[in-house]
Structure formats: C-alpha cells, structure tokens
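Note: hydrogens, waters and symmetry copies are ignored here, and every other heavy atom, side chains too, is used.
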Amino acid sequence: MQETIALEKWPALPFESWRDTCETLHMWAQIVGKVRLTLSPTVNHWWQVPMYLTARGLTTSPIPYPGGIFEITFDFIQHKLLIETSLGEKKILPLAPRSVASFYYELLTTLRALGIQVEINSLPNEIKDPIPFERDDIHAAYDPIMVQNFWHILLRTDTILKQFRGRFIGKSSPVHFFWGSFDLALTRFSGRRAPERPGADRITREAYSHEVISFGFWPGNADFPQPAFYAYAAPEPPGLGSVAIQPDKAFHNAELAEFFYLYDDMRQAAAPEQSLLDFFQSTYQSAADLAHWDRANLERMYK
C-alpha cells in the first residue's frame, strides 16, 4: 500500500465525519488492549493497560508469554496491525473496513497460531450499551485519512505533554493512550493518598488511590461530539470550577467536573502549542493551589 501522510500540522477532526471509524477503531483498540491487560503483570494505577505512540501508530509495548515476548502495533501509515514475537515471527492483519467481530476472531486465531494462548473479556469497557466483540457486526468502518489525522494529533499532543511533564519532579505517569476511554493522558500525583470513594469499583479504586491532576486529549463521542483537551483534579478541591484559567476559550464543565479546551479553538489560536501549554499549566496551578499541593518540592523551574 502506498504510504500517505497527513501534512497539516493540526488537521481537522470533526467527530461526525469519522464517527463510524472512530467507534470501530475504539473497539479494535480495546480488543488489542485486553490482550495486553490479560497477559501483563499488574502495575500501580493500571499502568500495564495503556498503549504508546510510535513513529507509525500505537503499540502495546512488549507483552510476556511463555515463548518470550510479543508486541502488537497499529501501523497507521501502511494501515496494518503488526504482531511480532521475540522468536522472530511476524504476522500482519490489514486495517480496512471490517467488522469488530471479524477483527476479534482473526486476531485471536493469529495469536494462537503464534503459540500465544489468551482469553479476554469480550465485553467492551467504558461505553454505553456495549456489544460483545464476537457479536459486533455493526461497527465496521475504516477511513485511513481520518485515522491518520487522529494519530497526528496524538503525536503532537504527546510531544507537548512530555514537555509539560518535564516541569514536574514529583511522581508522574508516562504519557499513555488508554484504550478504554480512548484518550491520551498524563497524570501528576501530590504524593498523598486520596480519600476512599464510596461504592467505587476496583478499577476506580486503583486508578484514584492517590490525589491526582490529569491532562489529555480525547476525540469525543456521541454525548460530547467534539475533540477536546481536558484537565481535572481527583478529588476536585472546592472552588476549582470557578477559577479563571487560560486561554480565554477554555472552560469548566460542572457536570463532568473537568476543564475543556476544544481542539478547534486550539488549532485556530495564534500560537496553538503555547495556548495548549498555557491550558495545562493554568489548570494545574489552580488545582494544585486549591488542593494545597507542596508545589515547591514537586516542580522544577522552567522558562
């Protein structure tokens, strides 16, 4: 396949124009992610779960199995799913219009052929009205150009989040892509345990066991059909929703308890990258001050 690359620095990503592809890709990513989750050792805050950006797409990073390790990569340049093992074996699945059920069966069959035995929970996570993967013949779209646009936004956001991460010397997550919520995320920690959340499930308890401020990018969904950058504190300190933040077009959503900076507002800014850094920095400072974080010992000086 000819390699085609989106050239626009911050390409358009209107949700409705690629909704079918976005929802299909989300389910494919969940299938691959659940393989990693099932076979990988547990890490604090579920950090064994996410994927990571590469120069060609998204990767699971190495996953252990009895034969050694293997890695699954979404290649969004040649539009293929690449499975490689430490034994030198390689299998390729095309990324093209096909149902979630078809993708699910072919991936698990291919893994078995490589000696990788894995059974996953086939019910999708973190979405409304989930359809088990093996029965999902509804989601079957793949628009390669829109997928590349999405990936390019992730790449550029990843770079900015890593620059922002470098300003913090306390505990911080890597910049990683969560396939459940389908977002790129970075999390800073105060170092203090968070209050127990009544009725929280085991996923939430582990994810929010300590005080955090998180930042990231999300392509949107049917309920919020706009790509956006976000920031939130958990637990949210009183008064956070009423503080002034930068840039002016960023806002707080009380229902979701999150700050948002819409992607289209960012890409139209005079200095998009700086406006995004300003959003992350101003929301962090507001949340950290109200939550009484020890900022003097958690941050490095930056210009």
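- The list of side chain to side chain donor-acceptor pair (under 3.5 Å) pairs with a residue in residues 243-259, not counting sequence neighbours, reads Glu236-His252.
- Atoms CH2 and CG, on Trp151 and Asp158 in that order, are 12.0 Å from each other to the nearest 0.5 Å.
- The main-chain N or O of Thr59 is never found under 3.5 Å from a side-chain atom of Glu71 such that the two would form a donor-acceptor pair.
- Side chain to side chain, Tyr261 and Thr283 fail the donor-acceptor criterion of an N or O pair below 3.5 Å.
- Note on residues 215-228: pairs passing side chain to side chain donor-acceptor pair (under 3.5 Å), not counting sequence neighbours, are Lys128-Asp223.
- With sequence neighbours left out, the ring pair (Phe, Tyr, Trp, His ring centres under 6.0 Å) criterion links His292 to no other residue.
- Distance alone, capped at 3.5 Å, places no donor-acceptor pair between the Trp179 side chain and the Val32 backbone.
- Ring planes of Phe182 and His26: parallel class, angle under 30° (limits at 30 and 60°).
- Residues passing the salt bridge (Lys or Arg N to Asp or Glu O under 4.0 Å) test with Arg165: none are found, sequence neighbours excluded.
- Applying the ring pair (Phe, Tyr, Trp, His ring centres under 6.0 Å) rule to Tyr208 yields no partners; only residues at least two apart in sequence or on another chain are considered.
- Other members of the cluster containing Leu82 are Ile92, with ILVMFWY side chains joined at under 4.5 Å, either directly or via other members.
- In this view, Phe178 and His176 satisfy the ring pair (Phe, Tyr, Trp, His ring centres under 6.0 Å) rule, not counting sequence neighbours.
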Practice task
Step by step, work out the ring-ring contact (aromatic ring centres under 6.0 Å, His included) result for Phe217 and Phe229.
Solution key: CA-CA 4 Å; Phe217 171 78; Phe229 302 98; 5.2 Å; yes
Without placing hydrogens or testing angles, list every side-chain donor-acceptor pair under 3.5 Å for residues 267-274, not counting sequence neighbours.
unit_1	atom_1	unit_2	atom_2	d
Arg267	NE	Trp10	O	2.9
Arg267	NH2	Glu8	OE2	2.9
Arg267	NH2	Trp10	O	3.1
Glu273	OE2	Lys9	NZ	3.0
Glu273	OE2	Trp10	NE1	3.0
Gln274	NE2	Asp278	OD1	2.9

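- Residues passing the salt bridge (Lys or Arg N to Asp or Glu O under 4.0 Å) test with Asp75, sequence neighbours excluded: Arg56.
- Residues satisfying the side-chain hydrogen bond (donor to acceptor under 3.5 Å, both in side chains) criterion with Gln117, sequence neighbours excluded, are absent altogether.
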If you look only at distance, which donor and acceptor atoms sit under 3.5 Å apart when one is on a side chain in residues 12-21 and the other is two or more places apart or in another chain?
unit_1	atom_1	unit_2	atom_2	d
Ser17	OG	Pro14	O	2.7
Arg19	NE	Glu23	OE2	3.0
Thr21	OG1	Asp143	N	3.0

For residues 129-136, tabulate all N or O donor-acceptor pairs below 3.5 Å that involve a side-chain atom, not counting sequence neighbours.
unit_1	atom_1	unit_2	atom_2	d
Glu134	OE1	Ser122	OG	2.8
Glu134	OE2	Ser122	OG	3.3
Asp136	OD1	Ile138	N	3.0
Asp136	OD1	His139	N	3.1
Asp136	OD1	His139	ND1	3.3
Asp136	OD2	His139	ND1	2.8

